[in-house]
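Please read the structure below before turning to the comments.
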2 protein chains.
Amino acid sequence: MKEVLPVFNSAVSIDCVLFGFDNGELKILLIERNEEPFKDWWALPGNLVGEDESVDQSASRILHELTGLSDIYMEQYYTFGEVSRHPQGRVITVAYYAMLRLGGDKALKPLTSYAKKAQWINVKELPKLGFDHQHIFDKGLEKIKRRIKHLPIAFELLPEKFTLTQVQNVYELILGKKLDKRNFRKKILSFGVLKELDEKQKGVSFRAATLYKFDRRKYAKLFGKEISF
Amino acid sequence: MKEVLPVFNSAVSIDCVLFGFDNGELKILLIERNEEPFKDWWALPGNLVGEDESVDQSASRILHELTGLSDIYMEQYYTFGEVSRHPQGRVITVAYYAMLRLGGDKALKPLTSYAKKAQWINVKELPKLGFDHQHIFDKGLEKIKRRIKHLPIAFELLPEKFTLTQVQNVYELILGKKLDKRNFRKKILSFGVLKELDEKQKGVSFRAATLYKFDRRKYAKLFGKEISF
DNA sequence: ATATAGTGTGTATTTTTTACACTAAGTAAT
DNA sequence: ATTACTTAGTGTAAAAAATACACACTATAT
């Protein structure tokens, strides 16, 4: 298959921006690096692409190795290719994002010594990140802001069963503004991707809210909202 | 600056999908290759990224070398990273698109022997393309479809001065469907980015249409249309 | 003068978006 | 059991946006 090898002009890496929602907070998954450069710094989970895997496969593998998470569907959103973005040489990085339900259950355990640990960190209290990862994160946040306005993708952040107020909280956190309760409910239900359950919220010291779940089938049929001519 | 070179795991290339509108047709810029692999095939203008240029810079340079075009603002839209997409080895490619006004004036002249020629080709009569370029093109077309519904970016395809009917033609070609004339005009003017000129279309054997031009300042302020909550 | 071909325009209807405030239900404390 | 507290849950009117729809105008060519 390989006749003439192309010149290798840059290494290629993956960086992952994983958003999670927990305890009313929007969080992002970071690792504490155990290798130079930026040893002991916080950074996005990322590493070099392998020679025998597609970039999509690579993203899943790298995320798994650094955090122990698997079966996370991530979407590619941008490739960062400034010449000096990596201090040790030319590395072009392909960025992925995903939105995730956090449940406390899944423990984060790096499977390699490349990361000391992986941790969910509130986006409002981000530490200084290595490389150009702050920039990559910023673009990722922009991306999901646009995204949740087109597809009601934010359900991925929620537990299996959730209340409408929780959904609204997620939207408000991502968009960074308050929304009207009645209008929000009308709208979100109008997408037709939520199924009302016979069940109520438990363990609260006030009127329990109805639980809903997300209908993946109907969701799959939804496409972006667009200007109509 | 470089302390430890990262492993080179893949080469990185750029491919450009340039859309142009001319003579009522939506066209795309292709080159006829003069090098293996796919010698004598049509392909998207593309080549390897240089070590001392960002991917954005690279895209401009490569386009220039293969077609003679310069000062084209291109936007990155996706990175294709399947393992075997290039028959000679691992090459991950970053795809860019742009929309361009065609005027016949600018001649296309490859500045390197890598391409025999560059030519605008009607998207309805695309030849078989080398590599996975058909796929890259398809994704690019999807991208601009979504794009023109959010920003009235389609003006980039039109000459300096144009009629509303021309604008409508472009939209109909890209979206692949007929639009209502009165509603289209109402909508497109409502964006407030068109300036009506005192001038009329020339050289037609029927009532001449009013010419408009595009107001870049107002355009810059426009952002995507979004779901409101 | 007439045929032709594209230009240019308005209104009524429907749908979507927005703004806005009170009652209902469950828990906890007394 | 009454009360206080806290969040859940609901409707309507007004404004804005989207849609559907048809004919007269005007420049040119013959």
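Each chain gets a letter, A, B and so on, in the order the sequences are listed, and its residues count up from 1.
Proximity of Arg182(A) to the phosphate of dA19(C): no side-chain N or O atom is located under 4.0 Å from OP1 or OP2.
The side chain of Asn183(B) lies closest to dA20(D), out of dG9(D), dA20(D), dC20(C). The listed nucleotides are dA5(C), dT6(D), dA24(C); the one nearest the side chain of Phe206(B) is dA5(C).
Phe19(B) and Phe137(B) have tilted rings, their planes meeting at an angle from 30° to 60° on a 0 to 90° scale. Phe155(A) and Phe162(A) have parallel rings, their planes meeting at less than 30° on a 0 to 90° scale where 60° marks the start of perpendicular.
Rounded to an integer number of Å, the gap from NZ of Lys200(B) to P of dT28(D) is 11 Å. Straight-line distance from the CZ atom of Arg185(A) to the P atom of dC20(C): 19 Å, rounded to whole Å. If you measure from atom CZ of Phe184(A) to atom C1' of dA19(C), you get 17 Å, rounded to the nearest angstrom. Atom CG of Leu164(B) and atom P of dG6(C) are 16 Å apart (whole Å). Atom NZ of Lys187(A) and atom P of dT15(C) are 15 Å apart (whole Å).
Residues Tyr171(B) and Phe184(B) place their aromatic rings such that the two centres sit under 6.0 Å apart.
Comparing Lys181(A) and Lys181(B) by the nucleotide of DNA chain D that holds the closest heavy atom to each, the one mapping nearer the 5' end is Lys181(A).
Residue Thr210(B) is in sugar-phosphate contact alone, with no base atom involved, counting any heavy-atom pair closer than 4.0 Å across all strands shown.
A side-chain donor-acceptor contact under 3.5 Å links Arg185(B) and Thr165(B).
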